[in-house]
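Scope of the values below: all heavy atoms of this structure, side chains included, with no hydrogens, waters or symmetry mates. So you know, we letter chains A, B, ... as the sequences are listed, proteins then strands, and number each from 1.
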Amino acid sequence: MGAQMISINSAQNLYWLGRYMQRVETIAKECIKSFDYIIDKDFDDGKKLFEKLSADIEYKDEKEFLKEAVFDEHGSSIYASIFAMKENAVICRAQIYSSAFAYLNTAYIGVKELRGAPIEVFDLEKLLSNLYALNGMLDSALLRTDASNFIEFGKRVERIDLEIRLYDNLNIVLFEIDELYGVAKLLSKGFEKPSITTDDKEKLLDLANSLIKAVIKF
Amino acid sequence: MPNNIDSTTQKFLDIYEKLGSDKSKRFDEFIKIYGVNFNLYKNNEFIEQAFPFDIIPRIIEKDDFTTIEKGVKQRVFALNAFLNDIYSEAKIVKDGVIPSDFVYASKAFLPKFVGFEPLKGIRTHISGIDFVREAKSGKWIILEDNLRVPSGASYPLSIRKVYRKAYPEMFKEFSVVETDNYPKKLKEMAEFVSPAGIQTVLTPGRYNSAFYEHSYLAGKMGVPLCENDDLSAQDSKLYFKHFDGKLRRVGAVYRRLDDDFLDPVEFNKTSVIGVPNIVGAYMNKETAIINAIGNGVADDKGLYYFVPKMIEYYMGEKAILENAPTYLPFYEKDRKFVLENMSKLVIKDVAEAGGYGVVFGNKLSSAQLEELSNIIKSEPRRFIAQEVVEFEDLPCFLDGKVAMRKADLRVFAVYGKDIFVMPGGLTRYSTIEGNYIVNSSQGGGFKDTWVLK
C-alpha cells in the first residue's frame, strides 16, 4: 500500500471500499444463516433479513433465496455490494496493496461467475474466505497508512450501520462508535470526539454516517 | 512447430516444455485477478477486458539492444531539439531542411506556445518508439515515434514478476536485464523537471482504456493518481486537493490525456476531464507537464520522414536507426511514384493513430485505388506512403499450438537529467494470421521483451 498523498476523491473511494467490504461480509454471513433457517425452521427468515436492509425479496425455497440474495436487482444484493466494492477498489487501486486488490477482485469475480448457475452455500463460504484473507492482510500490515485507515474507517461506519439495522444492540453500537473515533483521530489530528447524548438509534446512525465529514474536508 | 523460430526462442520453448506448460495458467490467473486490462469501446459500449498475453517472450540479444538503445537516445534527443526549435526560432524550417507545411499545417502544432520554453528544456519526457524487425535482414526499423502520451510500459513490467515466480529456472538459463527500475526513472525525471511541490499522474478516469497502466505507474512511482477535480489551478500555480482540506503545490503532472482535453479553458471547451487553467501554471513555469504540450507535431506521420534529417541537423550525426522507406506525396516526384505504385505500398493517413487510417494498397479493389488516388492528389499532405516492410513473425501460443504472428516492439525512453531507455519494452502481436496491425486498440496482444545481458 503506497504511502502517497490522498485526494478527497480517493479518500471517499477508500472509505466506500471499506463500507462495501464490511457490507458484503455481513450480508453473506447472514444469508448463510437464513438459508439454514428457511430449510425447516423459519421460511420467512430471508425476507426478514432483507426487510431490515430495506429490500423486499420473494423466494419459493432456500435455494431460490440464495439466488435472490446474491443477484436480485435490489441495492442490498450481494452482487450490488460487491460490484460497488470492486469499482471503488479499481478507482483507488494505486493506494492499496496489489495483493489486496487481487483478493478483492477474486472475491468479485467469484460472485460474478455465479450468475446463471445454481448458487450453493459453499459459494458464499468461498467468498467469505477471500474477504477474510483480505481483511487479515490489511489488519496485519504494520504500516498504517492513511489509505488503510480510510478503509478501516469505512468498515467501522458500516459495522455501526449494520449493527443498528440487523442486531439492535446499543452497547455494541456505542463500543463501535468509540472505536471509530480512534480511527478518525489517526486521520485527522485535530479531531475531537463528540459526546454522545442520545440512545436514539436513528440519531446514532446519522452521527456515524456524518463523521466522514470530520476527516474529509470537502 | 514452425521451423523458422530463432535458436534463442527455441531454447526458451525447450525449457518451457521440460518444465511443464501447466504453470502457464499462473499468467492467465494473474492477468485476471490483478485486472491487467486494456479496455475497449465497441459501438459506444465500454468493454473491460484483459489484455491478451502470450507467454513466449521476445528475446533480444545484448548487441542488438545496445544499438536500439543508442539509436533511441539519439532519436529522442533530436526530436526534443526539433520541438524546442520549432517552438522558438524554427531554424530547421528557415534552413529549408523541413518544409514549413509539415510543421505549421499540422493540427498538433500550437502557435500559442511559440516562444515558450518548458522547464529544463525538456518536452519529450517519455517517448514510445515503435520498431519492427525486418524478416530477411533482421534489421530493426522504426515505424513510428509516440511523443504525446505513449502507453504500454506497465504491461511487460507487471508480467515480469510472474515469470520469475513461475519459471525461476528460465532466469538462470537466460541472463535477462531487469526492467523494474522504470517507475523509479519516471519519478526521478518528474522530480528533475519539477520546480517545487509534489508530482502526480493525471488520468482521464476509470473508463480510459489504459486506466490499469495509470494506476500501476502512479502506485509504483509513489505519487497520487488524480482525476481533474483532484487538482486546482489558482494564481498560475497548480494544487493538489488533499483530503485534509489543504492544498499542496504540484510541480509536475504526468498527464495521460491528450492536449485537446487537458484544459477546457485553453483547448476543447467541452472537455470534462481536463483541469481548467492548468496551462496557465505550465506557461508560468510553476508546473511541468509531462509530456509537453504541442508535442504531437513531432510524431505526426508526415514528420517521421524527416527525423533522420533532424538528427543530422541538430547532432551532426547519421541516424543510427533506420526508418521504413517512406514517400511523401507532398513532393511531386514522390507523389508520382506513389500514384504509380499504390498497390505495392502501405498508405497512412497522418491524422490517424492506433492502427487506424492504414491502408494496404494490395488489399484495395481498382475502384478503391482510384478513389484513394484522387484523395491523395487533392490532399497530398494528408498521407505518407511506405514500402511494405516484411517484418518478422514471432512464435505465439494460440489455441494450444505455436503459431507465427506479426509483432512489433515499443521501446520506452525517459528524458530527465539524461535519457534512459528501458531495457525491454512492449512487444505487441497480432492475433490474426498475416495481419500487420498489432495495435492493442485493435485486439492485438502483448508479450514481455527480454533483453539479454
Side-chain angles (χ1 to χ4, degrees), chain A residues 1-15 83-84 86-110 112-113 130 133-134 143 145-147 149-150 153-154 184-191 212-218, chain B residues 26 28-37 39 46 48 50 154 157-158 161-162 165 183 187 197-203 205-208 211-232 239-250 254 256:
Chain A
M1 191 173 292
Q4 63 259 39
M5 290 186 184
I6 296 177
S7 68
I8 291 170
N9 285 328
S10 288
Q12 289 182 88
N13 290 128
L14 290 160
Y15 165 76
F83 178 78
K86 188 267 297 187
E87 281 298 297
N88 279 287
V90 166
I91 297 167
C92 63
R93 67 181 289 178
Q95 301 278 359
I96 58 180
Y97 292 116
S98 57
S99 39
F101 180 83
Y103 274 123
L104 189 150
N105 202 30
T106 303
Y108 163 71
I109 292 167
K112 190 178 95 170
E113 290 179 348
N130 279 313
L134 172 63
L143 180 66
T145 61
D146 284 342
N149 287 331
F150 270 114
F153 192 91
K185 193 89 181 155
L186 290 172
L187 286 164
S188 177
K189 279 183 190 137
F191 177 80
I212 189 67
K213 291 178 192 154
V215 286
I216 302 179
K217 311 290 184 190
F218 292 94
Chain B
R26 301 280 182 210
D28 299 333
E29 240 169 59
F30 173 82
I31 286 170
K32 185 176 176 183
I33 68 171
Y34 282 79
V36 183
N37 295 337
N39 305 316
F46 175 70
E48 192 160 33
S154 63
L157 290 171
S158 303
K161 67 176 185 185
V162 189
K165 286 180 195 168
K187 179 74 162 62
I198 63 165
Q199 299 84 44
T200 67
V201 174
L202 173 62
T203 174
R206 185 251 176 284
Y207 294 103
N208 184 268
F211 182 76
Y212 168 76
E213 169 146 309
H214 307 164
S215 59
Y216 175 89
L217 291 176
K220 294 287 177 191
M221 289 169 74
V223 303
L225 178 66
C226 300
E227 290 193 36
N228 58 344
D229 59 349
D230 293 322
L231 299 173
S232 165
Y239 296 95
F240 170 76
K241 297 182 205 167
H242 195 261
F243 73 83
D244 64 7
K246 291 180 186 145
L247 296 173
R248 307 286 204 280
R249 266 292 299 282
V250 177
Y254 175 15
R256 296 297 305 243

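- Atom OH of A/Tyr103 has 12 or fewer heavy atoms from other residues, nucleotides or ligands within 6.0 Å.
- When heavy atoms are compared at a cutoff of 4.5 Å, A/Ile109 approaches chain B solely by way of its side chain, counted from C-beta outward.
- Only the side chain of A/Lys86 comes within less than 4.5 Å of a heavy atom of chain B; its backbone N, CA, C and O stay farther away.
- A/Ser98 and B/Lys161 get closest at one heavy-atom pair: OG-NZ, 4.1 Å.
- Here B/Lys241 contributes atom NZ and A/Ser10 contributes atom OG; the two are 12.5 Å apart, rounded to the nearest 0.5 Å.
- Here the side chains of A/Gln12 and B/Phe243 are not in contact, with every heavy-atom distance at 4.5 Å or above.
- Of the two parts of B/Phe30, neither the backbone nor the side chain holds a non-hydrogen atom closer than 4.5 Å to a non-hydrogen atom of chain A.
- Atom NZ in A/Lys217 sits 12.5 Å away from atom NE2 in B/His242 (nearest 0.5 Å).
- Contacts of B/Glu29 with chain A are absent, with no heavy-atom separation under 4.5 Å from either backbone or side chain.
- Residue contact with chain B, scored on non-hydrogen atoms closer than 4.5 Å, involves the side chain of A/Phe150 exclusively.
- No other option in A/Ile91, A/Ile6, A/Val90, A/Leu187 has as many heavy-atom pairs under 4.5 Å with chain B as A/Ile6.
- Within a 6.0 Å sphere centred on CZ of B/Arg206, heavy atoms belonging to other residues, nucleotides or ligands number more than 12.
- The nearest pair of heavy atoms linking B/Asp230 to A/Asn9 is OD1-ND2, 2.7 Å.
- With respect to B/Lys32 and A/Glu113, a salt bridge is recorded, a charged nitrogen being found less than 4.0 Å from a carboxylate O.
- In this structure, the separation between OG on A/Ser7 and CG on B/Asp229 is 8.0 Å, given to the nearest 0.5 Å.
- Considering every non-hydrogen atom in both A/Ala94 and B/Ser215, the closest pair reads CB-O, 3.5 Å.
- With a 4.5 angstrom heavy-atom cutoff, B/Gln199 does not touch chain A via any of its atoms.
- More than 12 heavy atoms of other shown residues, nucleotides or ligands fall within 6.0 angstrom of atom NZ in B/Lys187.
- With a 4.5 angstrom heavy-atom cutoff, A/Ala11 touches chain B only via side-chain atoms.
- Using a 4.5 Å cut-off between heavy atoms, B/Phe240 contacts chain A through its side chain alone, with no backbone atom that close.
- The contact between B/Ile198 and chain A is made entirely by side chain atoms (from C-beta outward), counting heavy-atom distances below 4.5 Å.
- If you measure heavy-atom distances from B/Phe211 to chain A, the contacts under 4.5 Å come from the side chain alone.
- Taking chain A as the reference chain and counting heavy-atom pairs below 4.5 Å, the highest number among B/Leu225, B/Thr203, B/Val223 is found for B/Val223.
- The structure places CG of B/Asp244 at 9.5 Å from NZ of A/Lys189, a figure rounded to the nearest 0.5 Å.
- Among all heavy-atom pairs drawn from A/Glu87 and B/Tyr207, the shortest one is OE1-OH, 3.6 Å.
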